[in-house]
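Note sheet for the following structure.
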Amino acid sequence: SRCRSGGGCGDNLRLPPTATAMPRTLTAALYKFVDLPDCASLQPRLLAVCEAHRIKGTLLLAREGINGTIAGAQEDIRAVLQWLRADPRLADLEHKESWADTAPFHRMQVRLKKEIVTMQVPGLDPTRTVGQYVPPEAWNALISAPDVVLVDTRNDYEVAIGSFQGAIDPRTRSFSELPAWVQAESAPGGSLAPVNGRKPRVAMFCTGGIRCEKSTAYLRSQGFDEVYHLQGGILKYLETVRPEDSLWQGECFVFDERVSVGHGLQPGTLSLCRSCRRPLSAADRASDRYQEGVSCPHCHDQVSDERKRGFA
């Protein structure tokens, strides 16, 4: 009842998997694009509330809104979400939940940024123009249509461990590289080039939905009229769609100590390189270029011996 009075987080309530082995840590991922001109004064107050409730994680604040993931005891997460939703601008703030037996974060940060997701396109405003939201239940039918171009908006190391069948990998190293990829692929012969003078229908997806708010807004600004966006991102799809009906292949990278999740948001099989922060498979960890906490096959040749000694 406290959640519902706080603005609707009861709609997101998911009980732990079993009552006999109840996980102790609740993780909440959230974002909202909204005008926050007072974000600088909001930062210390939000940090104080999180610390008072022993919450760990990272929240980003910018003039354009809020984004982040936090974890802690269930009652403490509920209290922080209720505090946020007490602000009329955040009253309809949505979040996604998952459970863990161990804490996925080690400290709490509330950071001020120019953008809550960095694309570096001046004037882009997802609160005014954005793609059409498609719920997970309708996603399979959309991306199976032969005239739809499916684009994974995440970075190359995220795509490498899992994606939707038939999705295009732009091979970006950062989200700010995506506009240049769109421009290149819109040229004749590109995957986004017009067909018979008409731009294609484009479906885009990302981890939790926030990057697609900007990527679909950008495509709309470039004259793409039919642009679609997986509502709630991959995480909501994996939570909602049954494995036997799924078009997802592999695991989904998440930016915390869980490293990756699969269907039902169950923790995946990957670990994390403490040097380059890339996800590591069993084959990566079996490589002679892997040294726990020091280097992995992805960064072994790029990290100096001095830094390796420091990591060790």
Side-chain angles (χ1 to χ4, degrees), residues 23-29 31 43 47 50-51 54-62 67-72 98-120 152-163 169-178 206-208 210-211 234-235 250-262 265-312:
R24 294 178 295 175
T25 300
L26 176 61
T27 298
Y31 77 86
Q43 187 265 347
L47 178 60
C50 291
E51 291 181 337
R54 302 169 297 281
I55 295 298
K56 300 292 191 294
T58 299
L59 292 172
L60 306 180
L61 291 172
N67 174 33
T69 306
I70 53 177
S98 59
W99 294 88
D101 293 315
T102 57
F105 302 104
H106 299 305
R107 60 176 177 166
M108 184 67 221
Q109 301 180 89
V110 180
R111 300 168 57 190
L112 292 175
K113 303 281 285 185
K114 291 183 178 180
E115 300 177 72
I116 57 174
V117 57
T118 303
M119 198 180 203
Q120 298 180 354
D152 193 329
T153 67
R154 300 171 303 152
N155 297 332
D156 53 5
Y157 64 91
E158 299 171 79
V159 181
I161 67 169
S163 191
D169 176 9
R171 300 186 182 279
T172 54
R173 293 169 296 177
S174 69
F175 186 56
S176 59
E177 294 180 359
L178 192 66
C206 57
T207 307
I210 186 170
R211 278 179 275 193
I234 302 163
L235 295 180
E251 298 180 13
C252 178
F253 182 80
V254 290
F255 297 86
D256 58 52
E257 291 298 316
R258 294 172 297 171
V259 185
S260 65
V261 296
L265 301 184
Q266 294 300 306
T269 61
L270 304 176
S271 62
L272 200 66
C273 175
R274 299 298 169 178
S275 172
C276 66
R277 310 295 295 177
R278 284 180 173 259
L280 301 177
S281 65
D284 290 328
R285 296 191 295 272
S287 169
D288 57 7
R289 294 191 168 198
Y290 171 69
Q291 183 179 351
E292 184 176 3
V294 177
S295 66
C296 73
H298 304 291
C299 66
H300 182 274
D301 294 334
Q302 301 170 11
V303 178
S304 68
D305 290 339
E306 182 180 359
R307 289 194 66 198
K308 288 177 182 175
R309 287 193 293 270
F311 286 138

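If you read the sequence from its start, that first residue is 1, and numbering goes on from there.
The local environment of CD in Glu51 is crowded, with over 12 non-hydrogen atoms from other residues, nucleotides or ligands closer than 6.0 Å.
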Practice prompt. Determine, stepwise, if the pair Thr27 / Arg258 fulfils side-chain contact (heavy atoms from CB on, under 4.5 Å).
Written response: CA-CA 11 Å; Thr27 298; Arg258 294 172 297 171; 4.0 Å; yes

Worksheet item: How far apart are the C-alpha atoms of Phe255 and Thr58, what are their side-chain angles, what is the distance that settles it, and do they pass the side-chain contact (heavy atoms from CB on, under 4.5 Å) test?
Response: CA-CA 10 Å; Phe255 297 86; Thr58 299; over 6 Å; no

Item to complete: Take Ile70 and Met108 through the side-chain contact (heavy atoms from CB on, under 4.5 Å) test and state the conclusion after the steps.
Response: CA-CA 8 Å; Ile70 53 177; Met108 184 67 221; 4.0 Å; yes

Worksheet item: Passes side-chain contact (heavy atoms from CB on, under 4.5 Å), Cys273 versus His298? Steps please.
Response: CA-CA 9 Å; Cys273 175; His298 304 291; over 6 Å; no

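Of the inter-residue distances, the one linking Ile234 atom CD1 with Ser163 atom OG reads 6.5 Å to the nearest 0.5 angstrom. Note: Leu59 CG to Ile116 CD1 = 11.0 Å, rounded to the nearest 0.5 Å. Between Thr153 atom OG1 and Met119 atom CE the span is 8.5 Å, to the nearest 0.5 Å. Within the model, atoms OG of Ser174 and CD of Gln120 stand 7.5 Å from one another, a figure rounded to the nearest 0.5 Å. Going from atom CZ of Arg211 over to atom OG1 of Thr118 covers 11.0 Å, rounded to the nearest 0.5 Å. Note: Gln266 CD to Ser98 OG = 9.5 Å, rounded to the nearest 0.5 Å.
In plain terms, the two heavy atoms of Gly293 and Phe311 that are nearest each other are O-CB, 3.3 Å. Between Pro297 and Tyr290, the closest heavy-atom pair is CD-CB, 4.3 Å. Between Asn67 and Tyr31, the closest heavy-atom pair is OD1-CB, 3.7 Å. Between Arg154 and Gly162 the shortest heavy-atom distance is NH2-O, 2.7 Å. In terms of heavy-atom proximity, Arg285 sits nearest to Thr269 at NH2-O, 3.8 Å.
Contact check for Ser281 versus Leu270: side-chain heavy atoms found under the 4.5 Å cut-off. Looking at Arg289 and Asp301, their side chains come closer than 4.5 Å, going by heavy atoms from C-beta outward. A 4.5 Å side-chain heavy-atom check between Ile161 and Ser260 finds at least one atom pair inside the cut-off. A 4.5 Å side-chain heavy-atom check between Asp156 and Arg278 finds at least one atom pair inside the cut-off. The side-chain heavy atoms of Val259 and Leu280, taken from C-beta on, include no pair separated by under 4.5 Å. Contact of the Leu235 side chain with the Thr207 side chain is registered, since non-hydrogen atoms from C-beta on lie closer than 4.5 Å. Side-chain contact between Gln291 and His300 is absent, with no heavy-atom pair separated by less than 4.5 Å. At least one side-chain heavy atom of Trp99 sits under 4.5 Å from a side-chain heavy atom of Leu26.
When Lys113, Gln43, Arg111 are each tested for a side chain to side chain contact (heavy atoms under 4.5 Å, CB included) with Leu61, only one passes: Gln43.
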